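Have a look at the structure below before the remarks.
In this text, all values refer to a predicted model and were calculated from it rather than measured experimentally.
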Amino acid sequence: MKQTPYRNKFEAKVAHKLGPAYEYETMKLSYEVPARQAIYTPDFIDYENKVIVEAKGYLRAEDRKKMVLIKQQNPDWTICFMFQKANQTISKTSKTTYAMWAEKNGFSWRELPKG
């Protein structure tokens, strides 16, 4: 089977139709993804001491990114994680645990006691 530089058959058909005057994927243009306003609802709030406790059994990648942004943009609040299993790794291929991730990103954490 003949290899083509195109990602799929449709692109190959378009290239054939356009002819040699058009180069295929020979440049890159940069752009910024616009920010969007988002809302976060904390699990448990101590208003007097400005402490948020976020209960997490599973800490997905998108939640990790979100929490770092929330911490950066709300520095007057302390965010503490209450993990179901603090020694669980953040993914099957990582050695980083939830506890390690929290500490690396400046969050305090605890593990819910068993029982």
Side-chain angles (χ1 to χ4, degrees):
M1 182 171 171
K2 183 180 174 188
Q3 294 285 358
T4 68
Y6 308 106
R7 296 178 190 267
N8 54 54
K9 290 179 183 179
F10 179 68
E11 286 185 352
K13 287 178 183 178
V14 171
H16 179 73
K17 179 74 171 170
L18 294 174
Y22 289 86
E23 296 180 20
Y24 178 72
E25 293 189 351
T26 57
M27 70 179 284
K28 296 188 185 305
L29 296 174
S30 63
Y31 68 99
E32 291 184 26
V33 177
R36 66 176 176 82
Q37 188 68 36
I39 301 294
Y40 162 62
T41 304
D43 289 337
F44 301 95
I45 305 109
D46 174 351
Y47 287 99
E48 186 175 329
N49 296 303
K50 296 199 86 160
V51 175
I52 293 169
V53 175
E54 189 65 25
K56 287 292 182 191
Y58 180 58
L59 188 58
R60 302 175 306 181
E62 53 266 25
D63 290 332
R64 295 192 302 269
K65 290 176 190 173
K66 174 181 78 174
M67 294 309 297
V68 168
L69 290 172
I70 291 165
K71 183 178 186 303
Q72 289 171 349
Q73 295 172 31
N74 297 276
D76 52 331
W77 283 89
T78 299
I79 300 172
C80 177
F81 284 94
M82 180 69 73
F83 293 122
Q84 186 175 18
K85 295 179 183 177
N87 289 325
Q88 183 170 323
T89 57
I90 61 172
S91 74
K92 291 179 182 179
T93 59
S94 177
K95 292 182 180 179
T96 302
T97 65
Y98 289 173
M100 292 165 64
W101 174 87
E103 289 172 4
K104 177 184 171 203
N105 288 282
F107 293 100
S108 59
W109 66 273
R110 292 179 286 208
E111 184 173 81
L112 186 65
K114 309 274 187 272

Nearest-0.5 Å distance, [atom1] of residue [X] to [atom2] of residue [Y]:
X   : Y   : atom1 : atom2 : value
Y58 : Q84 : OH    : CD    : 13.0 Å
Q88 : S94 : CD    : OG    : 11.5 Å
L59 : K56 : CG    : NZ    : 6.5 Å
I70 : I79 : CD1   : CD1   : 6.0 Å
D46 : I52 : CG    : CD1   : 10.0 Å

Response to the item:
The complete set of ring pair (Phe, Tyr, Trp, His ring centres under 6.0 Å) pairs with one or both residues in residues 71-91, sequence neighbours excluded, reads F81-F83, F81-W101, F81-F107, F83-Y98
Can you give me the closest heavy-atom contact between [X] and [Y], atom names plus distance?
X   : Y   : result
Y40 : D43 : OH-N, 4.5 Å
K50 : D76 : NZ-OD2, 2.7 Å
Q72 : P75 : O-CD, 3.7 Å

Discussion item. Apply the hydrophobic cluster definition, ILVMFWY joined by side-chain contacts under 4.5 Å directly or through others, and give me every member besides M27.
Written reply: L29
Discussion item. Determine whether a donor-acceptor pair (N or O, by modelled atom type, separation under 3.5 Å) exists between the side chain of N49 and the backbone of V51.
Written reply: no
Item to complete: Show the numbers, then the answer: is there a side-chain contact (heavy atoms from CB on, under 4.5 Å) between E11 and Y24?
Response: CA-CA 9 Å; E11 286 185 352; Y24 178 72; 2.2 Å; yes
Any side-chain heavy-atom pair from [X] and [Y] closer than 4.5 angstrom?
X    : Y    : answer
K13  : Y6   : no
V68  : K71  : no
V53  : R110 : yes
W109 : E103 : yes
E54  : C80  : no

Discussion item. With side-chain contact (heavy atoms from CB on, under 4.5 Å) as the criterion, how do K95 and T89 come out once you've worked through the C-alpha distance, each side chain's angles and the decisive distance to 0.1 Å?
Written reply: CA-CA 6 Å; K95 292 182 180 179; T89 57; 5.6 Å; no
Discussion item. For I90 and T97: C-alpha separation, side-chain torsions, deciding distance, then whether side-chain contact (heavy atoms from CB on, under 4.5 Å) applies.
Written reply: CA-CA 6 Å; I90 61 172; T97 65; over 6 Å; no
Worksheet item: Got a salt bridge between K114 and E111, using NZ or NE/NH1/NH2 to carboxylate O under 4.0 Å?
Response: yes
Worksheet entry | E62 atom CD, neighbour heavy-atom count above 12 within 6.0 Å | yes
Worksheet item: M67 and L69: same hydrophobic cluster, using ILVMFWY side-chain contacts below 4.5 Å?
Response: no
